[in-house]
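Okay, structure first, notes after.
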Amino acid sequence: MRLLKTGAFVRQARSARICTSYTLAAQPVCPPSLQYSRSIPHSQTPATIRWSSTQTVTQPFPEQSVPPFREVDPSKTATQSSSPTSDDTAFKEHLQTIGKESKIVHESGKSGSLILGKPYLFDQTTNVPQSILDLVGRNLYDNPDHPLCITRKLIESCFPSPEFNHFIQADPVVSVHDNFDVLGFPKDHPGRSRTDTYYLNSSHLLRTHTSAHQHAAFKSLAPEDGSVTSGYTICADVYRRDSIDKSHFPIFHQMEGAKVWALDGDISQTRYNRMLSRTQKIATDLRNLPQTDFLVTEQNDNYHPETNPIQEEHDKKETVLLARHLKRSLEFLIESIFRAAQSASNQTTSGNAPIKARWIEAYFPFTSPSYEIEVEWNNTWLELLGCGIVQHPILNQAGLREHVGWAWGLGIERFAMLLFGIPDIRLFWSTDPRFLKQFSQGKITQFEPFSKFPACYKDIAFWIRSAPASSTPVNSNLGSSGVAAAAGGDATKASPAETQPAAFHENDIMEVVRDVAGSLAEDVTLVDEFVHPSSGRKSLCYRINYRSLERTLQNDEVNALHDEVGKRMVGLHGVELR
Ligand code: PHE
């Protein structure tokens, strides 16, 4: 589930009253919008972008160990790994000596991998395939001439230092605790499921969002005399099992930002008075934010008591100011990006076509109230980012006991596709000089397609199993290339949170296709679905569109790939091909 899907999900959830992966809301109808517009002559905005003003810290945050932020029943905690045996320790040492980075190793009945110098032992929860591990460590955001890095720098420049520190987190392996528990994700949250998330084992996974580092980043802001730094941004690669199409890839890049305000004034004053001057400070900072020039609509009720409440610990007036500061800061970011995209694509605003945006209510376990913004671009509303007022216990646990603050998170690819006119997310991973040579540091230029190679689509139809089979150990699920089976289609213990894995999950076929065809798979769509009237068995038919971005694929090559997809679907997910 993607950050960028959240707006649609919230709206669906509102009408259907369902919980979704990263979002959850139960408000029946979207309240009417309140429009406001501030027209400032365009020549005054946006502020100059200081491309090279940002210093990015690439050191990892220190190891962390904190309890989940709400009282969690220990029996419901997801992270339960059994203590290692001496065999396990020996195998981990062995992984370190063979030194083949990110290769899945199977030996003497054990499996594991060395990832960025750290050994991980696989277990029943493992579902990360070799094809994903092969992409770990590319650090696309750190290559100055890569569109993702250029976009990161543009975003960082809207949150300048020394007020903001800029962090990069290269190691994608985090604990289940840091990715979910500490942020207050309920134990049955779908984001934890093995159908959505890549697990290395029951305690570690490939982070699904940069918020996995929120606690450590907030700790880095813990009060220090004379420090003017009150915020940060984090950039990292994140991993989610998802559909295959031109805007989804299992690895993408996120940025996250936050800013906090401490109680203000002399400690001899009462806490209440210090809070009042903190509120004053937020109001002053709000007035000093750069002006923007676009048309923004907001919902009437930004603080719905049930679906988007102001936290108990917070003062209403202060939260209103904080939320305004958050939204104005992000409007400035959005405007900077969209103006850059408009001038790169020669779409002038002709002075009278302001960018249109709208704020909507959202849900994240670690912020309340929460929002996301959608922007109109080429006649469609794009969901761009999620944000909110940081949950009080998160700041508390990071040692920020006298603070309030906001946080936001966004997917960099979505902005970069828009800025550079890049039509397919797979291109970001291209090593083809015809792609890479087109971009250079600090410049936003339109991507020139080097050629369009023919697509070749093939259908795969199969009967799915009607019920989960019995538990199978991970080693017996390994495919011909040593791929650990995906979750859902088998009944190995799912995420620690899942007790009843589904017989078939769409992400299973996505994973097989990705593992077999890699970036040669352009999209995979369900084209037919029916239930046999007498046997009650269900049949599905998926269309796989094979296309290389760099060359023409040969028929034999595509046939071989497609046959392998069929074999793996049978072997790993027990389907019957039709
Ligand atoms: N981590 C969230 C996601 O990936 C985004 C987010 C970050 C939302 C920070 C609010 C605050 O969906």
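Both counts, for ligands and for their atoms, begin at 1 and track the order of listing.
- With a 4.0 Å heavy-atom cut-off, ligand 1 is reached by the backbone of Cys387 but not by any atom from C-beta on.
- In this structure a side-chain-to-backbone donor-acceptor pair under 3.5 Å is present from Arg207 to Asp171.
- For the residue pair Asp123 / Ser202, a side-chain donor-acceptor distance below 3.5 Å is found, with atom types taken as modelled.
- Each of the following atoms of ligand 1 lies closer than 4.0 Å to a heavy atom of Gly386: 8 (C), 10 (C).
- Where the criterion is an N or O separation shorter than 3.5 Å, residue side chain and backbone included, Ser211 meets it with respect to ligand 1.
- In the vicinity of Arg240, heavy-atom distances shorter than 4.0 Å reach the ligand 1 atoms 3 (C), 4 (O).
- Under a 4.0 angstrom heavy-atom cut-off, Arg207 registers as lying outside contact with ligand 1.
- Under 4.0 Å is where a charged nitrogen must lie from a carboxylate oxygen, and between Arg358 and Glu376 no such pair does.
- Residue contacts with ligand 1 for Phe366 involve side-chain atoms from C-beta outward but no N, CA, C or O (heavy atoms, distance under 4.0 Å).
- By the 3.5 Å distance cut-off applied to N or O atoms, Thr208 is not counted among the residues near ligand 1.
- In this structure, Thr229 contributes its side chain and Pro162 its backbone to a donor-acceptor pair below 3.5 Å.
- Every atom of ligand 1 with a heavy atom of Ala407 under 4.0 Å away is listed here by number and element: 11 (C).
- Between Gly191, Gly388, Gly409, Gly411, it is Gly409 that holds the heavy atom closest to atom 6 (C) of ligand 1.
- On a distance-only criterion, Gln214 and ligand 1 share no N/O pair closer than 3.5 Å.
- The aromatic ring centroids of Phe159 and Tyr232 lie 6.0 Å or more from each other.
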Evaluate the criterion ring-ring contact (aromatic ring centres under 6.0 Å, His included) for residue pair His209 and Phe185; output intermediate values, then yes/no.
-> CA-CA 13 Å; His209 56 168; Phe185 277 72; 5.7 Å; yes
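- Atom CZ of Arg324 sits in a sparse spot, with 12 or fewer heavy atoms from other residues, nucleotides or ligands closer than 6.0 Å.
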